[in-house]
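What you are looking at is a predicted structure, and each value in this text was computed from that prediction instead of being measured.
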Amino acid sequence: MSTRTGLDLRGNDLSQLRGLSSLRQVIIDRAQTLQLAEALTAELDITYGEEHEST
């Protein structure tokens with residue numbers, strides 16, 4: 001496995017990424033933070049409380 005320090009991911013859609021732990025020290029825009037949060041939520045199979053309570 002190769003590792004790139006400082007890989008510039010600005011301008012990319014991060015919402016479908018998997019293997020997020022391998023993204024150490026990448027460069028993103030602040031606007032991509034929500035996309036990264038969506039990817040992390042999917043990868044960790046996180047359920048929001050209000051979704052869980054309605055089932």
- L20 side chain near L17 side chain, heavy-atom distance below 4.5 Å: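 The answer is yes; the side chains approach within 4.5 Å.
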- Query: Would you say the side chain of L40 lies within less than 4.5 Å of the side chain of L44, judging by non-hydrogen atoms?
  - Reply: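 Yes - at least one pair of side-chain heavy atoms lies under 4.5 Å apart.
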- Kindly write out the residues that satisfy side chain to side chain contact (heavy atoms under 4.5 Å, CB included) with R18, not counting sequence neighbours, or none if the list is empty.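 Checked R18 against side chain to side chain contact (heavy atoms under 4.5 Å, CB included); matches are Q16, A39, A42, E43.
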- Query: Under the side chain to side chain contact (heavy atoms under 4.5 Å, CB included) test, which residues partner L9, sequence neighbours left out?
  - Reply: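 Expected list: L7, N12, L14, L23, V26, I28.
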- Query: Who passes salt bridge (charged side-chain N to carboxylate O under 4.0 Å, His left out) against D8, sequence neighbours left out?
  - Reply: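 Applying salt bridge (charged side-chain N to carboxylate O under 4.0 Å, His left out) to D8 gives R10.
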- Task: Give the minimum heavy-atom separation between G11 and Q32, together with the two atoms involved.
- Result: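 Here G11 and Q32 meet closest at N-NE2, 3.7 Å.
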- Item | Hydrophobic cluster identity match, L34 and Y48, side-chain contacts under 4.5 Å |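 Not linked; separate clusters.
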